[in-house]
**Q** 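Dropping the structure in here first, questions after.
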Amino acid sequence: MKVIISDCDHQDIEIERKIFSENNIFLELQQNLTEEDVIHNCQEASVIINQYAPFTEKVLSQLPHLKLVVRYGVGVNNIDLAAATKYGVQICNVPDYGTHEVADHALALMLTLTRKITKMTQLVKEGVWDYQESIPIYRHNEQVVGIVGAGRIGSVFARKVHALGCKVIAYDISAKSKKHDSTLSFIEFVDFEQLITQADIVSIHCPSDQAHHLFDESVFAKMKSTSYLINVSRGGIVDEAALYEALASKEIAGAALDVTEKEPISSTSPLLALEQFICTPHMAWYSEQAAQELKRKVAEEAVRYVKHEKLHYPVNKI
C-alpha cells in the first residue's frame, strides 16, 4: 500500500517517519493545496494522512486506490464524509490528543475576559494605574458557566471551572446519556434557550455539524449584557458580523475566539478594533506534548490499517 501525507505544515515529520520505518512502510510527503493537486499527485495512494487539503466528492471519486484518510486533528470539515462512505473510503481522526490543552485555553480565555487582564495590562503600559478602570468584575464562585457541548473537551472544561466554584450548566444533544455519568453529576443539563439566558460565561465545545451560525443576532439578543462568549471549537459556529454588532452595542460584555470563519482572521475585521474582543490563532490544541501525540497517533492509526488491525478512531462506517 502506498502511504502519502497529502499536506503538512509541521516543522518536520520525524515522528511519523520513525513509526512507518519501524513497520517497514514507505512514507511520502507532499504539499497539496487544491482538489486538482490531490487528484494529480495521489493517484497511487491507498492511505493518505491529511491536514488541510480538500477531500471533496470530486477528489474521492478520482482516487481509485484510496481506502483510508487519517486527519491530523479532531475536525473533518475538509472531508465529504458522505462521499467517502459512498466510495468506500474509511475516514479517521485523532479526537483525544489535545483535550486538556483546549480546555485549559478556554479557561485562560475566560479568566482573561472576566478579570479584564488584556485591558488593564494595556492601561498600565500607558501609565494608568487605576483598578477602577476594570469595573465591573464579578466573583467567579457566584457565576454560571454555560457549556455548549459536554463531550470530551467540554466535560474537562466543566471540571476546571467547577473547581473555581462556578455553577455549571450545559446543553448537549446527548444529554440523556450524560445525565447518568456520575463524574458529571455537578452539571445541570438544560435546553439551549435556558443556557444562553442564564449563563454569565458561554463556552462552545460542540462540533460544527448542523451548528453553522448557531450564535447569531437572535441568540446574542437573549444573552445577558454582562455575559462573555468563548469559542475554541470551530469557526463558523459564531456569526462574526452579528458578534461585532453585539459587542459594539454592548449586548454582551466580551468575546474570545481561537477559531474564526476564515483563518487567519482578516486584518481588517472590525472585531479586532474592539477592546472587549480577544483572538488567538487556532492554538488551543497546542502544547509540545499534544503536538507529538497527534503525530504519533496519526501514524499509528495508518499503520494499524496497513497491518489489518482494528482502527481506534473511525469516523464513518464502511
Side-chain angles (χ1 to χ4, degrees), residues 98 100-147 157 160-168 196 198-205 215 217 219-233 235 237-288 290-291:
H100 280 276
E101 283 79 1
V102 178
D104 287 347
H105 199 78
L107 179 62
L109 292 175
M110 170 183 142
L111 294 174
T112 300
L113 283 170
T114 58
R115 294 298 306 175
K116 302 186 179 175
I117 302 299
T118 301
K119 173 183 177 178
M120 299 309 292
T121 297
Q122 186 59 40
L123 286 173
V124 169
K125 289 180 177 181
E126 293 170 359
V128 178
W129 187 273
D130 184 2
Y131 86 90
Q132 293 184 72
E133 294 290 336
S134 71
I135 294 173
I137 289 176
Y138 301 98
R139 184 176 289 172
H140 286 115
N141 66 5
E142 295 182 17
Q143 297 278 280
V144 176
V145 175
I147 298 173
F157 175 72
K160 293 177 187 292
V161 294
H162 181 61
L164 295 178
C166 301
K167 178 181 177 180
V168 182
I196 60 173
Q198 293 178 13
D200 299 295
I201 299 105
V202 175
S203 192
I204 302 171
H205 299 278
F215 283 80
E217 181 181 356
V219 169
F220 293 129
K222 295 174 183 176
M223 291 172 64
K224 294 181 178 181
S225 61
T226 53
S227 67
Y228 296 94
L229 178 71
I230 299 161
N231 186 15
V232 293
S233 182
I237 295 175
V238 176
D239 179 337
E240 291 171 20
L243 175 61
Y244 172 79
E245 294 299 331
L247 291 170
S249 64
K250 299 186 178 180
E251 274 190 318
I252 64 173
L257 305 182
D258 183 58
V259 290
T260 56
E261 293 195 68
K262 292 184 179 179
E263 295 184 354
I265 189 171
S266 171
S267 61
T268 61
S269 170
L271 285 167
L272 298 177
L274 297 176
E275 177 186 80
Q276 66 273 42
F277 175 73
I278 297 172
C279 190
T280 52
H282 203 148
M283 60 174 287
W285 65 273
Y286 171 71
S287 71
E288 282 298 295

**Q** Hey, does the side chain of E263 reach the backbone of T260 with a donor-acceptor pair shorter than 3.5 angstrom?
**A** yes

**Q** Within this structure, what is the CG-CD1 distance for the pair L109 and I201, rounded to the nearest 0.5 Å?
**A** 12.5 Å

**Q** Carefully, step by step, assess M120 and L123 under the rule side chain to side chain contact (heavy atoms under 4.5 Å, CB included).
**A** CA-CA 5 Å; M120 299 309 292; L123 286 173; 4.0 Å; yes

**Q** Quick one: are E142 and D200 in side-chain contact, heavy atoms under 4.5 Å?
**A** no

**Q** Using atom types as modelled and distance alone, determine if a side-chain donor or acceptor of D258 lies under 3.5 Å from a backbone N or O of A284.
**A** yes

**Q** Mind checking whether I137 and K116 have side chains closer than 4.5 Å, heavy atoms only?
**A** yes

**Q** Say you draw a straight line from CG of L113 to CD1 of I278; how long is it, rounded to the nearest 0.5 Å?
**A** 4.0 Å

**Q** Tell me the closest heavy-atom pair linking E251 and A221, and the distance in Å.
**A** OE2-CA, 3.5 Å

**Q** Roughly how far, to the nearest 0.5 Å, is OH of Y138 from OG1 of T226?
**A** 5.5 Å

**Q** What's the shortest heavy-atom distance between F220 and D239, and which atoms?
**A** CE1-O, 4.2 Å

**Q** Could you report the tightest heavy-atom contact between H205 and F157, atom names first, then the distance?
**A** NE2-CD2, 3.6 Å

**Q** Give me the atom names and distance for the closest heavy-atom approach of A242 to E217.
**A** CB-N, 3.6 Å

**Q** Can you check whether H100 reaches K160 side chain to side chain, under 4.5 Å on heavy atoms?
**A** yes

**Q** Quick check: closest heavy atoms across E245 and S249, and the distance to 0.1 Å?
**A** O-OG, 2.6 Å

**Q** To the nearest 0.5 Å, tell me how far Q276 CD sits from I252 CD1.
**A** 8.5 Å

**Q** Looking at every heavy atom in both E261 and E240, which two are closest together, and how far apart are they?
**A** N-OE2, 2.6 Å

**Q** Does a side-chain heavy-atom distance below 4.5 Å link N231 with F215?
**A** no

**Q** Within the side chain of Q198, is there an N or O that forms a donor-acceptor pair under 3.5 Å with the backbone of V144?
**A** no

**Q** Looking at T118, I117, V124, which hits side-chain contact (heavy atoms from CB on, under 4.5 Å) with T121?
**A** I117

**Q** Going by heavy atoms in the side chains, are Y244 and L274 under 4.5 Å from each other?
**A** yes

**Q** So, do L164 and L111 sit near enough that their side-chain heavy atoms are less than 4.5 Å apart?
**A** yes

**Q** Looking at A199, is its backbone amide N or carbonyl O close enough to the side chain of K224 to form a donor-acceptor pair, meaning the two atoms are under 3.5 Å apart?
**A** no

**Q** Would you give the length of the straight line joining atom CG of L229 to atom CG of L257, rounded to the nearest 0.5 angstrom?
**A** 7.0 Å

**Q** Hey, could you give me the OG/NE2 distance between S203 and H105, rounded to the nearest 0.5 Å?
**A** 10.5 Å

**Q** Going by heavy atoms in the side chains, are F277 and L272 under 4.5 Å from each other?
**A** yes

